[in-house]
Number of protein chains: 2
Amino acid sequence: MSHDETLTIGALAGAADVGRETIRFYENKGLIDAPPRSPAGYRRYPQESVQRLRFIRRAQELGFTLSEVAELLALRVDEVSACGPVEVRAREKLEQVDAKIVDLKRIGASLRRLVDKCEARQPTSDCPILEELDERS
Amino acid sequence: MSHDETLTIGALAGAADVGRETIRFYENKGLIDAPPRSPAGYRRYPQESVQRLRFIRRAQELGFTLSEVAELLALRVDEVSACGPVEVRAREKLEQVDAKIVDLKRIGASLRRLVDKCEARQPTSDCPILEELDERS
DNA sequence: GTAAACCCTGTAGTGTGGTACAGGGTCAAG
DNA sequence: CTTGACCCTGTACCACACTACAGGGTTTAC
């Protein structure tokens, strides 16, 4: 297989730091397109697949399920996707994202208070933390 | 069972909006302490358990696994052993949280641009979402 | 020209985080 | 003093997102 700008599944897996099986799994789930095949039936991936895989991974880390990631990836405006429905879905995702940010900020604030308390603690006192983790909206 | 400031598992489940089974599951996993029991063996929870359960739920929604939640809750540790290692853990979580916020803001900005494009009715064939997380991989 | 290293399909198994019984005891109301 | 709503333990099952074979073909490096 001469080097022809495409990647085998193994090379892609290495480049994107995921397992081979994971890539086939994502293909099955429709998260990545089925790539063209070599005469012997081997998948040949374009370089951009690396970006897509990495996006999937990071979106997952942000708390999106695979089907939510699929929705994110499907959001684009072009000849085939009309503006109306795309806009609606994009707005929904945007709300999800903003809500996640709000929650994360609240958690972050709690953690920061925690860290501050640790820094300012009196030598003899315990690390008084539980209240800091409590909700209080 | 006269009202004695404690909650049955069902009352707690109702107050914290989780299933009974989930509470027992968390107890098993060490996420909540085994509460005292009534003579008949019924769990009697203090009011604070509601806060703890809600914290667990919220932290989970933000992408923390149950064992990470356990870590967060364990920051409460006991006595002298506390502050040093606790502070380190808290800082690590804080960094994770801040990084997530940065990524989510990027996705949010991307979605906002997409919505704007929709409003301006300027079809494009690129995928604005995919481009957002490219930098810094 | 053969062995290692890769690829294929397909199915089974894993870990996480629950959820749903089964089979039984307890308690409060009427 | 029974009936229904609650509680107990324990096990089985579920969805999600992988992960690991099995059984086979292909490519490449020596």
Side-chain angles (χ1 to χ4, degrees), chain A residues 1-46 49 52-73 96, chain B residues 1-4 6-46 49 52-74 96:
Chain A
M1 236 163 244
S2 49
H3 51 78
D4 54 6
E5 312 263 302
T6 69
L7 301 166
T8 62
I9 195 170
L12 175 59
D17 196 33
V18 302
R20 272 169 262 260
E21 311 293 330
T22 303
I23 295 173
R24 291 194 272 257
F25 175 75
Y26 287 167
E27 183 181 318
N28 243 289
K29 290 271 164 182
L31 280 143
I32 53 178
D33 296 330
R37 302 290 184 109
S38 76
Y42 287 20
R43 291 172 179 81
R44 312 311 323 266
Y45 291 96
S49 299
R52 171 158 289 221
L53 278 175
R54 288 217 259 252
F55 177 83
I56 294 169
R57 280 288 147 128
R58 303 196 57 203
Q60 269 190 285
E61 279 166 25
L62 297 177
F64 292 100
T65 66
L66 284 190
S67 42
E68 285 171 339
V69 176
E71 284 170 20
L72 279 175
L73 289 169
Q96 270 182 34
Chain B
M1 236 167 242
S2 48
H3 52 80
D4 54 6
T6 69
L7 302 166
T8 63
I9 195 169
L12 175 59
D17 195 35
V18 302
R20 274 168 260 262
E21 310 295 330
T22 303
I23 295 173
R24 291 194 272 257
F25 175 75
Y26 287 168
E27 183 181 318
N28 242 285
K29 290 272 165 180
L31 281 146
I32 54 177
D33 296 331
R37 301 292 184 109
S38 77
Y42 287 20
R43 291 172 179 79
R44 313 309 327 264
Y45 292 96
S49 299
R52 169 156 297 213
L53 277 176
R54 287 217 257 252
F55 175 82
I56 293 170
R57 280 290 148 125
R58 218 156 31 82
Q60 266 190 291
E61 280 165 25
L62 300 177
F64 291 99
T65 65
L66 284 190
S67 42
E68 283 173 337
V69 177
E71 271 179 47
L72 286 175
L73 290 168
Q96 281 176 24

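Numbers restart at 1 for each chain; the letters A, B, ... are given by sequence-line order, proteins then strands.
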S.K.: Would B:Ile32 and B:Ile56 count as a side-chain contact (heavy atoms from CB on, under 4.5 Å) here? Give the steps.
M.R.: CA-CA 9 Å; B:Ile32 54 177; B:Ile56 293 170; 3.9 Å; yes
S.K.: Round to the nearest Å and state the distance from B:Arg37 atom CZ to D:dC7 atom C1'.
M.R.: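 Going from CZ in B:Arg37 over to C1' in D:dC7 covers 10 Å.
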S.K.: Whole angstrom is fine here: how far is it from OH in B:Tyr45 over to P in D:dC6?
M.R.: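 Between P of D:dC6 and OH of B:Tyr45: 16 Å.
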S.K.: Would you say a side-chain N or O of A:Thr8 is under 4.0 Å from OP1 or OP2 of C:dC7?
M.R.: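 The answer is yes; a side-chain N or O of A:Thr8 sits under 4.0 Å from OP1 or OP2.
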S.K.: Before giving the answer on side-chain contact (heavy atoms from CB on, under 4.5 Å), spell out for B:Lys29 and B:Val69 the whole-Å C-alpha distance, their side-chain angles and the decisive distance to 0.1 Å.
M.R.: CA-CA 11 Å; B:Lys29 290 272 165 180; B:Val69 177; over 6 Å; no
S.K.: Applying the side-chain contact (heavy atoms from CB on, under 4.5 Å) criterion to A:Tyr45, which one of A:Thr6, A:Leu53, A:Thr8, A:Ile23 satisfies it?
M.R.: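 Going through A:Thr6, A:Leu53, A:Thr8, A:Ile23 one by one, the side-chain contact (heavy atoms from CB on, under 4.5 Å) with A:Tyr45 is satisfied by A:Ile23 alone.
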S.K.: Would you confirm whether A:Glu61, through its side chain, and A:Arg58, through its main-chain N or O, come within 3.5 Å as a donor-acceptor pair?
M.R.: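 Not a single qualifying donor-acceptor pair exists.
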S.K.: Whether the side chain of B:Arg54 engages the backbone of B:Asp17 through a donor-acceptor N/O pair (distance < 3.5 Å, no angle test) should be reported.
M.R.: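 Checked: no pair found.
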S.K.: Less than 4.0 Å between a side-chain N and a carboxylate O, is that true for A:Glu21 and A:Arg24?
M.R.: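 Yes, this pair counts.
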S.K.: Pair B:Phe25, B:Val18 - check side-chain contact (heavy atoms from CB on, under 4.5 Å), show working.
M.R.: CA-CA 11 Å; B:Phe25 175 75; B:Val18 302; over 6 Å; no
S.K.: With the threshold set at under 4.0 Å for non-hydrogen atoms, list the residues of residues 19-27 of chain B touching DNA chain D in residue-number order.
M.R.: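 Those residues are B:Arg20, B:Glu21, B:Arg24.
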S.K.: Kindly say whether A:Leu31 contributes a backbone atom to a donor-acceptor pair with the side chain of A:Arg52 at under 3.5 angstrom?
M.R.: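 Indeed, once roles are kept as given, a pair shorter than 3.5 Å links the two residues.
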S.K.: Could you go over nucleotides 3-5 of chain D and give all protein N or O partners under 3.5 Å, atom names and distances?
M.R.:
none

S.K.: Roughly how many Å is it from OH in A:Tyr42 to P in C:dA5, rounded to a whole number?
M.R.: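 In whole Å, C:dA5 P and A:Tyr42 OH are 15 Å from each other.
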S.K.: Quick one: is D:dC8 close enough that its OP1 or OP2 comes under 4.0 Å of any side-chain N or O from B:Arg43?
M.R.: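 Answer is yes, contact under 4.0 Å.
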S.K.: Between B:Pro39 and B:Arg57, who's closer to the 5' end of DNA chain C by nearest nucleotide?
M.R.: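 Going by which nucleotide is closer to the 5' end, it is B:Arg57.
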S.K.: Give the rounded distance in Å between these two atoms: CZ of A:Arg44 and C1' of D:dT26.
M.R.: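 So the CZ-C1' distance, A:Arg44 to D:dT26, works out to 12 Å.
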S.K.: What is the distance, rounded to the nearest whole Å, between atom CD of B:Gln60 and atom C1' of C:dG17?
M.R.: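 Taking atom C1' of C:dG17 as the reference, CD of B:Gln60 is at 7 Å.
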S.K.: Just the rounded figure in Å: distance from P of C:dC8 to CG of A:Asn28.
M.R.: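 A:Asn28 atom CG is separated from C:dC8 atom P by 13 Å.
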S.K.: Just by modelled atom types, is the A:Glu5 backbone N or O under 3.5 Å from a matching donor or acceptor in the A:Arg44 side chain?
M.R.: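 Side chain of A:Arg44 to backbone of A:Glu5: no pair is present.
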S.K.: Round to the nearest Å and state the distance from A:Leu7 atom CG to C:dC7 atom P.
M.R.: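 That distance rounds to 11 Å.
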